[in-house]
S.K.: 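Can you keep this structure in mind? I'll have questions shortly.
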Amino acid sequence: MDLLQARRDTRIFYLLVGLGALVVAAGLVAAHYMEEYGHIVTGMNNQIVWGMPHVFAIFMIVAASGVLNVASIGSVFGKPPYKTRAPLSGLLSIALLAGGLSVLMLDLGRPERIIVAATHFNPTSVFAWNVFLYSGLFAFVGIYLWTMMEKRMNPWSRPAGLLVFVWRIILTTGTGMIFALLVARQAYGTAILPPMFIVMSFAWGLAVFYIVQAAMYGWNEMELNPAILKRLKNLLGLFILSVIYLVAVYHVTNFARHAAFERFILAEGGIYPMLFWGGYVFLGSVLPLFLIYFPRLGGKHHVLVASMLVISGSFCLLYVLIIGGQAFPLSIFPGYEARSSFGDGQIGSYAPSLPEILLGCGGLGVSFLITTIGVRALNFMPRDENTQAGD
Amino acid sequence: MNSGRRQFIGRGGAMLAGLAIAPGMLLYDLAHGRPASGAVRWGMLIDTSRCESGCDDCVKACNKENGLSGGTGPADVQWIRKLELKDSRTGRGVSLPMMCQHCEEPPCVDVCPTAASFKRADGIVLVDRHLCIGCRYCMMACPYKARSFVHEPVHDQKPDVPRGKGTVESCTLCVQRVDRGETTACAEACAKAGHKAILFGNLNDPGSEISRRIKAVASTQIRADLGLNPGLHYEGL
């Protein structure tokens, strides 16, 4: 690389870091504003208690686990094309988890009391288990990266990879359980949610991975080995189909228990059916599948667009699940029509506010910054010179 | 130093120490009072046939007792609300007050990551104002929509009802009154209005009026299917 090129790269790097820092700063200002004035400045209220920040945070936390797929296939199942991508997959996991947790933490009513979550631990709370699972993932992925990047530690990378694999499956189960244990709510309280979250993590994580890898290859003017592109896109297609399958099973079985809720979320609920069918099903699933599998499509640009669509679809799906799930009134008195000053029997209204969205974007900014600085400072570039795509 | 002086200094010192410590001990006693007893289970029996549609004296009394604004916007705090129900099949109307049901197995306590939500030995479910981090998971878990998040700074707080922006709160069963041996503000207001729809008492005492009534008349717990054994019972549903 000549000197001019190196200088240009450095300039672009600082530009990207500056951009990321700006987004993070906007998120911090939004969080400060919310803390100063209270959550009254957000769209959240006593019916929709979790809003846009949770959509962003849960996306990042779920994707943080899913992005480790690539590492798991490499280390646990011993596939060389994935092995070379394992370090990048570990870095992205840490970056996404840090971003997601930042959002979750800064959305708390009392973020300055976060230390209480460490000093007072309620063993029956799945939230408390998650505090433990999240910090564990940071530590174990850190160790895993060390075993991969430090030659002396290489023999340990397989057991470390196995530990990370098991841990992240438990972690995403824990994330799904946050909702699965809410037995009183029509949208949640079902055992299918944890496996659904795990499969969602596979698709979303791989989509994030593909986009970051494409950006890195683009920057370095490198071409992705077509055989590896084919493997990755087929895997993404399979994951998209698996998510559709589980989401379909979830809605069909839930229809048998809570028909009124399902009619609301899938047909009559205005924004929610629109986001579900238009956003998740069409844009986030059907269109990416078309881009991946249609003859003469499936090139690197098509897969890149497909990955971006999968991520957009995931936000729609989470919005419907989290916010739509709360908007429908709780069934406190089955068989009765209810009316009160507290929104009983009524569809809850929610309009995402700017501070909430900025806070969520700030979390994405944190992930972006960690990734950008990480790939610049250390060698995370996937190299396929010594591997056979057919392995 | 002669012995008189020595004695004076010794006694004086002891008196000073007593003066310094005693008020603290008194305050400590005041602050802690009697510990809640597990022999007691506070509860309510609400007779919906006596609850008048349109009357919200219980709500007003609660707001006054606990220093709540009384606002009814979606982000306003409401510890107790009046529900107007209509049987979908028969069209029969029912009016009743709804608040924290003070469950024996409270889901809010199970899910709270910091154990800020807790149940006293006498069955009253409360939020420790110092431990709540404002995650709102308890609100997601409560089957009765009984909890409110404080969305704005609070002013004019009552000295014995501490509240705070960014934390979750709900009906405390007027714990400050109960600990003084009084009844709850809502029950008192309902009786004052002549309805006497809310009966407050000790469910564990077989001789108490509430226990005798629950034994004699048909009552139900809301969402009994969830197996939470709420301390609030409803008649006429």
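Lettering of chains follows the sequences in order, A, B, ..., and the numbering in each one begins at 1. All values below were derived from every heavy atom in this structure, side-chain atoms included, with hydrogens, water molecules and symmetry-related copies excluded.
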S.K.: Mind listing the closest non-hydrogen atom pair of Cys132(B) and Arg110(A) along with its distance?
M.R.: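 Residues Cys132(B) and Arg110(A), closest heavy atoms: O-CG, 3.9 Å.
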S.K.: Of all the residues in residues 140-166 of chain B, which have a heavy atom that comes within less than 4.5 Å of a heavy atom in chain A?
M.R.: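 Listed by number: Met140(B), Ala141(B), Cys142(B), Pro143(B), Tyr144(B), Lys145(B), Arg147(B), Ser148(B), Phe149(B), His151(B), Glu152(B), Pro153(B), Lys165(B), Gly166(B).
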S.K.: Would you find a donor on one side and an acceptor on the other, under 3.5 Å apart, between the side chain of Ser340(A) and the backbone of Leu83(B)?
M.R.: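 Not a single qualifying donor-acceptor pair exists.
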S.K.: Please enumerate all residues that pass side-chain contact (heavy atoms from CB on, under 4.5 Å) together with Thr253(A), with sequence neighbours excluded.
M.R.: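 For Thr253(A) the side-chain contact (heavy atoms from CB on, under 4.5 Å) partners, ignoring immediate neighbours, are Val249(A).
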S.K.: Taking Thr114(B) for its side chain and His120(A) for its backbone only, find out whether a donor-acceptor pair lies under 3.5 Å.
M.R.: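 Checked: no pair found.
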S.K.: How about residues 344-353 of chain A versus chain B: which residues have heavy atoms under 4.5 Å apart?
M.R.: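 Residues of residues 344-353 of chain A touching chain B at under 4.5 Å: Asp344(A).
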S.K.: Quick one: of Val94(B), Asp76(B), Leu226(B), who has the most non-hydrogen atom pairs under 4.5 Å with chain A?
M.R.: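 Result: the option with the highest number of such pairs is Asp76(B).
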S.K.: Could you list which of residues 37-50 of chain A have a heavy atom closer than 4.5 Å to any heavy atom of chain B, in residue-number order?
M.R.: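 Residues in range: Tyr37(A), Gly38(A), His39(A), Ile40(A), Met44(A), Asn45(A), Asn46(A), Gln47(A), Val49(A), Trp50(A).
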S.K.: Would you check if Met98(B) and Phe333(A) make a side-chain contact, meaning some heavy-atom pair closer than 4.5 Å?
M.R.: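 A side-chain contact under 4.5 Å exists here.
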S.K.: At a 4.5 Å cut-off on heavy atoms, which part of Pro107(B) comes close to chain A: side chain, backbone, both, or neither?
M.R.: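 Interface part for Pro107(B): neither.
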S.K.: Is there a donor-acceptor pair under 3.5 Å between the side chain of Glu337(A) and the backbone N or O of Leu85(B)?
M.R.: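 The answer is no, because no donor-acceptor pair under 3.5 Å joins these two groups.
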S.K.: Looking at side-chain heavy atoms only, is the closest gap between His54(A) and Arg136(B) below 4.5 Å?
M.R.: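 When only atoms from C-beta onward are counted, Arg136(B) and His54(A) do touch, with a gap below 4.5 Å.
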S.K.: For Val111(B), is there any backbone N or O sitting under 3.5 Å from a side-chain donor or acceptor partner on Asn122(A)?
M.R.: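 Answer holds: no.
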S.K.: Looking at Asp87(B) and Tyr336(A), would you say the former's side chain and the latter's main chain have a donor-acceptor pair under 3.5 Å?
M.R.: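 Here the side-chain-to-backbone pair does not exist.
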S.K.: Mind telling me whether Tyr137(B) and Phe127(A) have parallel, tilted or perpendicular rings, with 30° and 60° as the class edges?
M.R.: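 Taking Tyr137(B) first and then Phe127(A), their aromatic rings lie parallel (interplane angle under 30°).
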S.K.: Side chains of Arg113(A) and Thr167(B): does their closest heavy-atom pair fall under 4.5 Å?
M.R.: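 Counting from C-beta outward, Arg113(A) and Thr167(B) do come under 4.5 Å.
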